[in-house]
2 protein chains.
Amino acid sequence: MHNGHVPEPRETRRRPGRRPTINDVAAAAGVSRGTVSRVLNGGHDVSDAAQEAVERAMRKTGYVVNQHARSLVTQRSQSVAFILSEPQERLFEDPNFNVLLHSCTQALAKQDITLLLTLASSLEDRKRLGRYLTGGHVDGALLVSTHSGNPLIPELLARGLPVVACGKPLGYERQAAYVAADDRDGARQMVSYLLSSGRRRIATITGPLDTSGGVERLAGYREALGGQPELVAHGDYTRASGEAAMLQLLERAPDLDAIFVASDLMAAGAMTALHRAGRRVPVDVAVGGFDDSQIATTTQPLLTTVRQSYPRIGAEMVRLLLSQIDGESPAAVIIPTELVIRESA
Amino acid sequence: MHNGHVPEPRETRRRPGRRPTINDVAAAAGVSRGTVSRVLNGGHDVSDAAQEAVERAMRKTGYVVNQHARSLVTQRSQSVAFILSEPQERLFEDPNFNVLLHSCTQALAKQDITLLLTLASSLEDRKRLGRYLTGGHVDGALLVSTHSGNPLIPELLARGLPVVACGKPLGYERQAAYVAADDRDGARQMVSYLLSSGRRRIATITGPLDTSGGVERLAGYREALGGQPELVAHGDYTRASGEAAMLQLLERAPDLDAIFVASDLMAAGAMTALHRAGRRVPVDVAVGGFDDSQIATTTQPLLTTVRQSYPRIGAEMVRLLLSQIDGESPAAVIIPTELVIRESA
DNA sequence: CTGAAAGCGCTTACAG
DNA sequence: CTGAAAGCGCTTACAG
């Protein structure tokens, strides 16, 4: 069919195996394509009779709009990407992602925008993803857990794709929009609290230092310590790394009486290590976490931690992204953090 | 710009804020759009000189193909959806999803196809997703963890979208392609092994009975028991449900000496319950799992289980999906399962 | 309120 | 090997 170059008369019957188009609907309803398109786009300036005829015709033909054709003219895809630049394992281990993903999905759903979760663990992945994203498939991107040096950020920025990062995107704070918790202040609050409750030898387990969360929480720890000798070990936000770092700290400083851990998940790991080493929490060692994730209420004893509201962070990220898609310039939002005292400190 | 209806002379300079198109590249290279398109699509029938000129022009203009325009003519989007119809929590708890997702991503990457992970926990989500998927955004869908009664399956099938399910899609075994492990035989092997090692009072914790895995593993248990009295409790593949079911079974049958659990994660939960109840594994109670996931090698003692190879399942799913996209009819693949004996039984 | 027409940015036979 | 042209399925001023 259609392989000659003599124009055929416009065909109105539906060919088998072909999706119905707006032409089929128009023919069935006895109106023009323009009118069909108008009812598709809100039904303004359409008479009741026409509206009804078109709706009937759509049902009859089983019409579904072709998004590519629509996107080609509107330059909008009505979808945004949620990009996780992280080894997959973390996605599955860390409940924070879960909460963030959920709140972003919800916020976008209200605008009838689909969220596409894309994983970019390997360099290869990131390349393919770069092509995909800049090809117009999505209207914007939410970047989660981006370590400094992630090549996706400059690429997307250069292409002019609206982007919002979760946490300060190190090296691009000026150019990319972001939403971050007040990490530094949260850490400061926690360590001040530990000091005020009489602890004297306070260690910390940091997050990865190529993320703003890692850097800022460490800075808050130092700030609160105000020049007192510090005791630092590094983790990568996984439970296992928290356990290993705790073991190492106990070796280096058997007299430590408190620990501020830069995430709840690592804090859970640290508590396991403390338990194995025969230290009681909080009697021998006070433990403070960060996140106030679900984990904080399942540890034994319950975890004293710093709350950062991921639902709120997600909602703000979406708001910032949509406003950029509408032409506003990038902005940064800092969400306050709050000390939550439970049993571990 | 371009708001009059008098045709302007074709503009070749790049307007600020506009993405370069194939016309810009053609003009810069001094060739026709057809030639640019040919180098974009593999460079067949293009002279070296033209090829080079076009490549230079693409770099100079920063050209990126508009996927919507391309898809509109090719009727292909070069992406497929990975649909998880499951409360999000499970995604994050169950390592099997992780492995499956990874293997599917890899297999698709080889064909330069992007995988889009979409979550459909609520009914609302499924509606929006249905619209998205049938709008031509993806070339096919991988359905994971679909309980019977999931309305997405008939919808996608009716639209003619190529679909492959993981596990038998109950109610649509005939119409939808799927890849499943030989659940029944795996369960049978495990229970036979428990019997042969002298266990006499063997219970089971099932998966959800609206999934084929749940149904078939229970059937295998019954088959191996061959009419001996059975002892059944139900779980939903979460760790917590395994723990609860085990507690309940101990109450109902304090004399049980073995348990076959329909997933490793639930088996880990069951072992926790046994431990709390003071039963030694495997001395007092033998425990057999299903999956051979990462969990099986982290429990204490190590878990005897049934291996189903998720990497292989993922690869087969992709193969089946791509062949359907190329016009083949749906097929079903059953992957053999294998007993893996460790310490717990 | 409605139709005719231009245009979104590509691909792909076709003719040369 | 290459260009001209048709066509993919929509939306959106414009004129009436």
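Remark: aromatic rings of His137(A) and His137(B) are distant, center separation not under 6.0 Å.
Regarding His68(A), its NE2 atom lies at a distance of 14 Å from the P atom of dT11(D), rounded to whole Å. Remark: P of dA5(C) and CZ of Arg33(A) are 11 Å apart, rounded to the nearest angstrom. Asp48(B) places its CG atom 11 Å from the C1' atom of dC1(D), with the value rounded to the nearest Å. The CG atom of Asn23(A) sits 9 Å away from the P atom of dC8(D) (whole-angstrom rounding). A straight line from CD1 of Ile22(A) to C1' of dT11(D) spans 8 Å, rounded to a whole angstrom. Nucleotide dG9(C) holds its C1' atom 11 Å from the CZ atom of Arg70(B), rounded to whole Å. Atom CZ in Arg19(B) sits roughly 7 Å away from atom P in dC10(C) (whole-Å rounding). Note: CZ (Arg38(A)) to C1' (dA5(C)) measures 12 Å, nearest angstrom.
Scanning DNA chain C for stems, defined as runs of 3 or more consecutive Watson-Crick or G-U wobble pairs whose donor-acceptor distances all fall under 3.5 Å, gives the following ranges: C:1-3 with D:14-16, C:5-12 with D:5-12, C:14-16 with D:1-3.
Residue Ala49(B) is the one, among Ala49(B) and Leu72(B), whose nearest nucleotide of DNA chain D lies closer to the 5' end (criterion: closest heavy atom). Residues Ala69(B) and Asp45(B) both approach DNA chain D. Their nearest nucleotides, taken by heavy-atom distance, put Asp45(B) toward the 5′ side.
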Stepwise, does the side-chain hydrogen bond (donor to acceptor under 3.5 Å, both in side chains) test hold for Asp24(B) with Thr61(B)?
-> CA-CA 7 Å; Asp24(B) 300 314; Thr61(B) 54; over 6 Å; no
Report the C-alpha separation of Val144(B) and Leu100(B) in whole Å, then their side-chain angles, then the decisive distance to 0.1 Å, and conclude whether the side-chain contact (heavy atoms from CB on, under 4.5 Å) test is met.
-> CA-CA 9 Å; Val144(B) 178; Leu100(B) 188 62; 4.0 Å; yes
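Considering all non-hydrogen atoms of both residues, Ala165(B) and Met317(B) come closest at C-CE, 3.9 Å.
More than 12 heavy atoms of other residues, nucleotides or ligands sit less than 6.0 Å from atom CD of Glu173(B). Around atom CG of Asp112(A), more than 12 heavy atoms belonging to other residues, nucleotides or ligands sit under 6.0 Å away. Within 6.0 Å of atom CG in Asp326(B), more than 12 heavy atoms from other residues, nucleotides or ligands are found, so the atom counts as buried in its surroundings.
Asn66(A) comes within 4.0 angstrom of the backbone, heavy atoms only, and of no base. Gln67(A) comes within contact range of no nucleotide atom at all, as no heavy-atom separation falls under 4.0 Å. Nucleic acid contact class of Thr35(B) (heavy atoms, under 4.0 Å, all strands): sugar-phosphate only.
Counted by atom type alone, Asn66(B) and Arg19(B) present zero donor-acceptor pairs between their side chains at under 3.5 Å.
Contact between the side-chain N/O atoms of Gln75(B) and the OP1/OP2 oxygens of dG9(D) is found at a separation under 4.0 Å. Contact annotation: Ser37(A) reaches the phosphate of dT11(D) (side-chain N/O to OP1 or OP2, under 4.0 Å). Under 4.0 angstrom from either OP1 or OP2 of dG9(D) there lies no side-chain N or O belonging to Thr21(A).
The side chain of Val73(A) lies closest to dC8(C) when the candidates are dC10(C), dT12(C), dC8(C). Side-chain atoms of Ser47(B) lie closest to dC1(D) of the nucleotides dC1(D), dC8(C), dT11(C).
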